[in-house]
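Because the structure is a prediction, the values reported are computed rather than measured. Computed from heavy atoms alone, side chains included, the values below leave out hydrogens, waters and symmetry copies. Naming: A, B, ... by sequence-line order, numbering from 1 per chain.
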Protein chains: 2
Amino acid sequence: MLTRRAKYAMRALSHLARTPNYGPVLIADLATAERIPKKFLERILLELNRRGVLQSRKGRGGGYLLNRAPDQITIAEIVRAMDGPLAPVPCVSQTAYGHCVECPDERHCGIRAIMQEVRDAIAGILDKATLADLVQAERTGRYRHRA
Amino acid sequence: MLTRRAKYAMRALSHLARTPNYGPVLIADLATAERIPKKFLERILLELNRRGVLQSRKGRGGGYLLNRAPDQITIAEIVRAMDGPLAPVPCVSQTAYGHCVECPDERHCGIRAIMQEVRDAIAGILDKATLADLVQAERTGRYRHRA
DNA sequence: AATCAGTCTACTATATCGGTATAGTAGATG
DNA sequence: CATCTACTATACCGATATAGTAGACTGATT
C-alpha cells in the first residue's frame, strides 16, 4: 500500500506541474491548496529537493519549483523516494537489493522467482509513467500503460 | 513489501504441498523444518484454516493438511490472507474497496488511474500463480508468468 | 536590519510487525 | 471416561514505521 507521504508528494508535484513555470510556490500555499498538513509537507518537499526532483528558493518571492520538466520525473522515482523500493521482496530489488533473513537459498527460492515477475511488472509501469502522465490522467480520469 | 507472515505462510504451505497426501503435519514439525517460530506459525496456520486453505485434525496423528490441491491454491489468496489487499491504494482494490480519506474526487484522481494499472498487473500475476507453481519454482529457480 | 521563506532537530501519538505467554477446547485412544 | 495430544483463542510485549507538531536556525531579499 502507498503511504500518505507518497500520495501527498504526487499531489504536491502535480500542483507544481500545473503551475506556470512550474513554480515557485510557497509550502503554505501548496499545503492549503492540496489539503496537506504544512509541517508534514515540508519534510516531503525537503526529501524531493535532496533527490533533485525539486529546487527551492529562499526569501521573498521564493518557494518550491520543479527541477525538471514533468515528463522527466517518473512516478517510480517519487514512490521510491517516499516509500522505498517497489519490489515486494528485497532480493529482487534493483535499487535496494538485500537478502531475506529467513531465506536459506536464494537460487532455489520460489517466492523470489514469482516476486521477480511482480517487481518487473510494477517497475515496468511506474518507470514509464511520468508526472506529465499523472496530470493528464487527472484531466481524463484514465491512464493506459503501453508496453 | 511482503511481511514475514506472508513468506512463512508460503513456506509452510509449500512444505505441505511436498508432503505425501499433503499432510497431516504437526505445527511443531513444520516450524522446525521451515525454521519458523512455532507460536507465530500457529497464528498463521489458524488464519489459513479459517480461509479454507488448510484443514486440521486434532488428537494423535493429527496436524495440518492442505484442504485443496496445490494447483487450486493461488499465491494471491495466500498474500491477501496474510498481508491484505494487493492493490497499492484501497480505491482500486477488488477484494477490499475503500475510499482514500485525502481524495477529493475519485473520478479525477490521477493516482488512482495509474495505480489501477499496477493493481491489475500484480493481480494478473498472483491470481494465476499457484502453490504448485511455487513448488516447481523452488526446484528450477525460475517462474515465468504467462498472460 | 527586518522580513520572508526554506532547513533542521527533536518530539509525540498511534498503528503495525514479529514474537511470546497463558489458558482453554476438541478429538483420539486405551 | 480419563487423559494425552494437538489445535484454538486471548492478551501481552518491544521494536519499528507512520503521521503529524513545535521551535529554533539559516539564507536571501529589500
Side-chain angles (χ1 to χ4, degrees), chain A residues 1-9 11-12 16 23-32 34-67 79 81-85 88-90 96 100-103, chain B residues 1-12 16 23-32 34-67 79 81-85 88-90 96 100-102:
Chain A
M1 280 277 181
L2 288 180
T3 63
R4 229 172 261 207
R5 254 172 82 80
K7 295 189 224 171
Y8 286 161
R11 287 194 200 289
L16 288 173
V25 176
L26 299 185
I27 297 181
D29 291 350
L30 268 174
T32 309
E34 300 296 332
R35 288 191 199 73
I36 304 172
K38 189 190 161 206
K39 293 302 266 180
F40 194 33
L41 178 58
E42 243 180 59
R43 297 238 310 259
I44 291 168
L45 298 176
L46 201 52
E47 179 62 29
L48 292 170
N49 187 359
R50 266 196 272 271
R51 301 244 180 181
V53 175
L54 292 174
Q55 61 180 102
S56 67
R57 285 192 198 150
K58 293 187 173 183
R60 151 161 282 156
Y64 272 104
L65 58 165
L66 294 188
N67 198 30
V79 172
M82 295 295 113
D83 290 359
V89 281
C100 300
V101 263
E102 1 69 52
C103 193
Chain B
M1 282 278 181
L2 287 181
T3 63
R4 229 170 261 207
R5 255 170 82 80
K7 296 189 224 170
Y8 286 162
M10 287 189 248
R11 288 194 200 289
L16 289 173
V25 176
L26 299 183
I27 295 181
D29 292 350
L30 268 174
T32 308
E34 300 296 333
R35 289 192 198 71
I36 304 171
K38 191 189 160 207
K39 295 303 267 179
F40 195 35
L41 179 59
E42 274 184 20
R43 295 233 311 254
I44 292 167
L45 298 177
L46 200 52
E47 179 62 29
L48 292 170
N49 186 1
R50 265 196 274 270
R51 300 244 180 181
V53 175
L54 293 175
Q55 63 180 102
S56 68
R57 286 195 198 145
K58 294 188 172 181
R60 151 159 282 155
Y64 272 104
L65 59 163
L66 295 188
N67 197 32
V79 172
M82 295 296 113
D83 290 358
V89 281
C100 300
V101 262
E102 359 71 51

Engineer: Whole-Å distance between dC7(D) P and L41(B) CG?
Structural biologist: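 Atom-to-atom, L41(B) to dC7(D), this comes out as 10 Å.
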Engineer: Closest to the L26(B) side chain: dA6(D), dA11(D), dG20(D)?
Structural biologist: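 The answer is dA6(D).
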Engineer: Whether R51(B) and E47(B) form a salt bridge (side-chain N of Lys/Arg under 4.0 Å from carboxylate O of Asp/Glu) is what I want to check.
Structural biologist: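 Counted as a salt bridge, because a side-chain N and a carboxylate O are separated by less than 4.0 Å.
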Engineer: Would you say M82(B) and L48(B) make side-chain contact, with heavy atoms under 4.5 Å?
Structural biologist: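 When only atoms from C-beta onward are counted, L48(B) and M82(B) do touch, with a gap below 4.5 Å.
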Engineer: If you assign each of K38(B) and K38(A) to its closest nucleotide in DNA chain D, which residue comes earlier from the 5' end?
Structural biologist: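 The residue mapped nearer the 5' terminus is K38(B).
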Engineer: For nucleotides 24-30 of chain D, give me one character per nucleotide, 5' to 3': B if any protein heavy atom sits under 4.0 Å from the base, S if the only such contacts are to the sugar-phosphate, - if neither.
Structural biologist: --BBS-S
Engineer: Take atom CG of L65(A) and atom P of dA5(C), then tell me their distance rounded to the nearest Å.
Structural biologist: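 For the pair L65(A) CG and dA5(C) P, the rounded distance is 15 Å.
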Engineer: Heavy atoms under 4.0 Å, any strand shown: does R43(A) hit a base, just sugar-phosphate, or nothing?
Structural biologist: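 It contacts base atoms.
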Engineer: Tell me whether the side-chain N/O atoms of Y8(A) come closer than 4.0 Å to OP1 or OP2 in dG20(D).
Structural biologist: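 Result: yes.
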Engineer: Check whether any side-chain nitrogen or oxygen of R4(B) sits under 4.0 Å from OP1 or OP2 of dG19(C), and answer yes or no.
Structural biologist: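 For dG19(C), OP1 or OP2 has a side-chain N or O of R4(B) closer than 4.0 Å.
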Engineer: Figure out the CD/P separation between E42(B) and dA21(C), and round it to whole Å.
Structural biologist: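 The distance from CD of E42(B) to P of dA21(C) comes to 12 Å, rounded to the nearest Å.
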Engineer: Tell me whether N67(B) contacts the main-chain N or O of G52(B) through its side chain, where contact means a donor paired with an acceptor under 3.5 Å.
Structural biologist: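 Such a contact is found between N67(B) side chain and G52(B) backbone.
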Engineer: Quick one: are Y64(B) and R57(B) in side-chain contact, heavy atoms under 4.5 Å?
Structural biologist: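 No, every pair of side-chain atoms sits at 4.5 Å or beyond.
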Engineer: Near DNA chain D, counting only heavy atoms under 4.0 Å, which residues of residues 48-56 of chain B show up?
Structural biologist: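 Result for residues 48-56 of chain B: N49(B), R50(B), S56(B), sorted by number.
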Engineer: I want to check something: taking the side chain as every heavy atom from C-beta on, are I36(A) and L30(A) in contact at a cut-off of under 4.5 Å?
Structural biologist: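 They are not in side-chain contact.
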Engineer: How many angstroms lie between CZ in F40(A) and CZ in R5(A), if you round to the nearest 0.5 Å?
Structural biologist: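 Atom-to-atom, F40(A):CZ and R5(A):CZ are 6.0 Å apart.
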Engineer: Rounded off to whole Å, could you give me the CG-to-C1' distance for the D83(B) and dC17(C) pair?
Structural biologist: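 One finds 10 Å between C1' of dC17(C) and CG of D83(B), rounded.
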Engineer: Can you tell me the distance, in whole Å, between the CG atom of L2(B) and the P atom of dC17(C)?
Structural biologist: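 Those two atoms, CG and P, are 12 Å apart.
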Engineer: Which nucleotide sits closest to the side chain of F40(B): dA19(D), dG18(C), dG6(C)?
Structural biologist: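 Nearest to the side-chain atoms of F40(B), counting from C-beta on, is dG18(C).
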Engineer: Please identify each residue that fulfils side-chain hydrogen bond (donor to acceptor under 3.5 Å, both in side chains) with T32(A), with sequence neighbours left out.
Structural biologist: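 Partners of T32(A) by the side-chain hydrogen bond (donor to acceptor under 3.5 Å, both in side chains) criterion come out as none, since no residue qualifies.
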Engineer: To the nearest angstrom, how far is L46(A) atom CG from dT21(D) atom P?
Structural biologist: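 One finds 17 Å between P of dT21(D) and CG of L46(A), rounded.
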Engineer: Tell me, do P85(B) and M1(A) make a side-chain contact under 4.5 Å, heavy atoms counted?
Structural biologist: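 Contact flag for P85(B)/M1(A) side chains = yes.
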Engineer: Hey, which of these two, V25(A) or T3(B), hits DNA chain C nearer its 5' end, going by closest nucleotide?
Structural biologist: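 Looking at the nearest nucleotide for each, V25(A) comes out on the 5' side.
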Engineer: Which pair of non-hydrogen atoms, one from S56(B) and one from N49(B), has the smallest distance, and what is that distance?
Structural biologist: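 Heavy atoms only, the tightest pair is OG-ND2, 3.5 Å.
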Engineer: To the nearest Å, give me how far apart CZ (R5(A)) and C1' (dT14(C)) are.
Structural biologist: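 Those two atoms, CZ and C1', are 17 Å apart.
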Engineer: Taking it one step at a time, do L2(B) and M10(B) satisfy side chain to side chain contact (heavy atoms under 4.5 Å, CB included)?
Structural biologist: CA-CA 11 Å; L2(B) 287 181; M10(B) 287 189 248; 3.7 Å; yes
Engineer: Rounded to the Å, how far apart are E47(A) CD and dA19(D) P?
Structural biologist: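 Spelled out: CD on E47(A) to P on dA19(D) is 15 Å.
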